[in-house]
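Read through the structure below, which is laid out as structure tokens, and then see the notes.
Quick note: numbers below take in every heavy atom, side chains included, and nothing from hydrogens, waters or symmetry partners. The chain is numbered in sequence order, starting from 1.
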Amino acid sequence: MAYNFITADEAAAMVKNNDTFGLSGFTAPGVPKAFFEAVARRAEKEHEAGREFKINVFTGASTNDHVDGILARTNTMGRRAPYQNTPDLRKRINSHDAHYFDRHLSDMAQEVRYGYYGKIDYAVIEAAEISEDGEVLLGCGLGNVPTYAHLADKIIIELNSRLPKSLYGMHDVYLPLDPPYRREIPIFHANDRIGRPTLKIDPAKVVGIIRTDSYDGVKPFTEPDAMSKKIGSNVVKFLLSEYRNGGLPKEFLPLQSGVGNVANAVLYDLGESTELPQFMMYTEVIQDAVLELMKKGKCTFASTCSMTFSDNVESELFSNLDFFHDKILLRPAEISNNPEVIRRLGVIAMNTALEADIFGNVNSTHVLGTRMMNGIGGSGDFTRNAYISIFSCPSITKEGAISNIVPMVAHADHSEHSVDVIVTDQGIADLRGKDPVQRAETIIENCANPLYKELLWDYLKLGKGGQTPHTLAAAFALHVALSETGDMRNADFAKYC
């Protein structure tokens, strides 16, 4: 079949108000580079003419400025799910200009197939190559593209010449059947391949191909700061202790790691450990540090949904694909984050928190319980099903004005029932087998910053009974002090006695 090559503006001219788009989006890799910028230009003209013009965007997770950023600045975003991390879109969400619903990443594709969110008008797919019969070689991120491509009425391809065709074989495209026909996901080791190396689409759905030539634009990660290094060191210290004590098998277990400096610091520390054995990863995103671990021989394989490498490292990957080709496998989000597989493999989950409370509950998403930061992402998929679930955060931020260990989290994403270990720069709190008061004592003693220890002890002593001795009138005293004075240290529990 002969495809129609068009410009981004020609593609944008097809779009109607309230159309729904499905695209990869699992951080920047796989995100379209040109189409949504053209849609935003079209929206500006529509808005100037006084016409309503917004679109709905469903992804695998976050995107970048090419999608969420530009659509937010032009007020073109209608509904958005399941995860985002762009400051401009965050502002729209918190002012209710965009309607964002936060979902577990493993749930999104199947919920779209179940019909919860209406039909998909367009799938927009970044590709390295497309054959005449509809075999699509994808790029560095899969997200939920297989589901969106299957359901969409129309497909737009962004053919990125920067993506090498030698990526062939690094994708494992697999769609589970829906209930009542679903079977087990046949992954028994992190490196098992169960699907196809390409995405098969209906060529008749392709309404146009846009040519692009661009890396993903991921900025280099900064060197871990002192705080991140302390947290990373404490996480590795905990894993070493578990390994020495027989809490982990001698072969070790696959690791999952979130995104950011703390995650990179943990991985770099793991690379320096001579006592811990080689390991695999079964995760949702791999970052620059993973390539270094592979070059050292410490990480032997990574199953992931996205290769989130800075441009220099992405260039290095493409230049050395012969070395990395059999060490990385890209899967759709509902497989990379699949609870069944995570539990079967015994994945060790390492995620970050905005705040944790003294009883072991974690807030990953809402500042002061009201303002959305990014979303729950895949943390819940891994936390609830992990062999061990570790959450980490700095003990304080804003030069001590905020304690990230609080009496009660202002928004709960992960309850005490799913959180095994909390780690800060101050130390490690192993919560397994402890009742609520014992957890509180462990967290305050080991994880709270000295600036806040006495305040937190004072709160615990306020409790008058019950298994979890909260004092409801005082539970958010630190948050109230921050909101009213800009500093949690100004909290005064005496008024509640």
Side-chain angles (χ1 to χ4, degrees), residues 20-33 35-36 56-68 71 79-86 89 100-113 117 120 122-128 136-152 155-158 160 163 167 170-176 195-201 216-218 256 258-259 282-287 302-309 314 328-338 374-379 381-382:
T20 297
F21 293 81
L23 57 144
S24 174
F26 213 101
T27 70
V31 171
K33 308 298 191 293
F35 172 71
F36 288 99
N56 311 307
V57 176
F58 298 156
T59 63
S62 60
T63 65
N64 58 9
D65 200 65
H66 292 299
V67 180
D68 283 342
L71 293 179
R79 290 190 300 161
R80 177 73 173 87
Y83 181 85
Q84 55 75 44
N85 66 352
T86 307
L89 180 54
Y100 172 64
F101 51 101
D102 192 16
R103 300 300 300 150
H104 295 293
L105 300 189
S106 66
D107 289 343
M108 186 66 192
Q110 67 180 18
E111 290 176 349
V112 171
R113 292 198 302 273
Y117 313 126
I120 303 294
Y122 290 87
V124 187
I125 305 171
E126 184 180 65
V136 179
L137 175 58
L138 298 169
C140 294
L142 245 67
N144 291 323
V145 154
T147 288
Y148 299 144
H150 174 68
L151 296 177
I155 295 174
I156 295 169
I157 301 289
E158 282 204 7
N160 189 347
L163 296 171
L167 285 168
M170 294 183 73
H171 302 86
D172 193 41
V173 181
Y174 178 92
L175 275 179
R196 296 168 48 90
T198 58
L199 172 65
K200 178 66 175 176
I201 64 171
D216 289 317
V218 178
Q256 175 259 340
V259 180
Y282 193 88
T283 190
E284 51 192 346
V285 173
I286 57 174
Q287 302 179 105
S303 168
T304 186
C305 185
S306 175
M307 297 188 291
T308 307
F309 301 138
E314 189 172 45
I328 301 172
L329 193 60
L330 290 157
R331 307 186 195 270
E334 66 181 316
I335 305 301
S336 69
N337 290 48
N338 186 272
N374 298 328
I376 196 169
S379 58
D381 299 325
F382 287 91

I need the minimum non-hydrogen distance between C305 and P332, along with the two atoms involved. SG-C, 4.1 Å

Please evaluate residues V285 and F26 with respect to the criterion side-chain contact (heavy atoms from CB on, under 4.5 Å), reporting the C-alpha separation (whole Å), side-chain torsions for both, the decisive distance (0.1 Å), and the verdict. CA-CA 8 Å; V285 173; F26 213 101; 3.7 Å; yes

Backbone of G141 reached by a side-chain donor or acceptor of S24 within 3.5 Å: yes

Output the distance between atom OG (S303) and atom CG (D172), rounded to the nearest 0.5 Å. 8.0 Å

Holding to side-chain hydrogen bond (donor to acceptor under 3.5 Å, both in side chains), I want the full list of residues that pass it with S379, two or more places apart in sequence or in another chain. H414

Indicate yes or no: at least one non-hydrogen side-chain atom of D381 is less than 4.5 angstrom from one of Q256. no

A side-chain contact here means heavy atoms from C-beta on lying under 4.5 Å apart; do Y117 and M108 qualify? yes

P176 and I335 have their tightest heavy-atom pair at CD-CD1, 4.2 Å

Check the side chains of S106 and N337 for a donor-acceptor pair under 3.5 angstrom, ignoring hydrogens and angles. no

Go through the structure and list residues passing side-chain hydrogen bond (donor to acceptor under 3.5 Å, both in side chains) with T59, not counting sequence neighbours. R80

In terms of heavy-atom contacts, Y174 and G195 come closest through CB-CA, 4.2 Å

To the closest 0.5 Å, what do you measure between CD (E111) and CZ (R103)? 4.0 Å

As an exercise, state the distance from OG1 of T308 to CD1 of I286, rounded to the nearest 0.5 Å. 8.0 Å

Nearest 0.5 Å, what's the CD1-CZ distance between I120 and R113? 11.5 Å

Residue set satisfying side-chain hydrogen bond (donor to acceptor under 3.5 Å, both in side chains) with Y100, at least two apart, ordered chain then number -> D102

Heavy atoms, side chains only, cut-off 4.5 Å: are L71 and L89 in contact? no

Quick one, L329 with T304, criterion side-chain contact (heavy atoms from CB on, under 4.5 Å). Give me CA distance, side-chain angles, the key distance, then yes/no. CA-CA 6 Å; L329 193 60; T304 186; over 6 Å; no

Side-chain (T63) to main-chain (V31) donor-acceptor, under 3.5 angstrom: no

Approximate separation, where rounding is to 0.5 Å, of L105 CG and E334 CD: 11.5 Å

Please round to the nearest 0.5 Å and tell me the distance separating atom CD of E126 and atom CD1 of I156. 14.0 Å

Begin from the C-alpha positions of L199 and V145 and carry the test side-chain contact (heavy atoms from CB on, under 4.5 Å) through to its verdict. CA-CA 9 Å; L199 172 65; V145 154; 3.4 Å; yes

With heavy-atom distances below 4.5 Å as the criterion, would you say the side chains of L163 and C140 are in contact? yes

Return the minimal non-hydrogen interatomic distance between N56 and R79, and the atom names on each side. OD1-N, 2.9 Å

List the residues meeting ring pair (Phe, Tyr, Trp, His ring centres under 6.0 Å) with Y122, not counting sequence neighbours, and say none if there are none. F21

Do P82 and I376 touch side chain to side chain, with heavy atoms closer than 4.5 Å? no

Is there a side-chain contact between I201 and I155 (heavy atoms, below 4.5 Å)? yes

May I ask you to decide if T27's main-chain N or O and S306's side chain share a donor-acceptor pair within less than 3.5 Å? no

List in chain and number order the residues that pass side-chain hydrogen bond (donor to acceptor under 3.5 Å, both in side chains) with H150, two or more places apart in sequence or in another chain; answer none if no residue qualifies. none

Can you tell if the side chain of N338 reaches within under 4.5 Å of the side chain of R331, non-hydrogen atoms only? no

Work out which heavy atom in L137 is nearest to a heavy atom in P197; give both atom names and the distance. CD1-O, 4.3 Å

Between M170 and I328, the two heavy atoms sitting closest are CE-CB, 3.7 Å

The ring pair (Phe, Tyr, Trp, His ring centres under 6.0 Å) partners of Y282 (sequence neighbours excluded) come to none

Can a donor-acceptor pair be found, under 3.5 Å and without considering hydrogens, that links the side chain of E158 to the backbone of I125? no

Has the side chain of D216 got a donor or acceptor atom that lies under 3.5 Å from a matching backbone atom of V218? no

Check: H66 and F36 side chains under 4.5 Å, non-hydrogen atoms: no

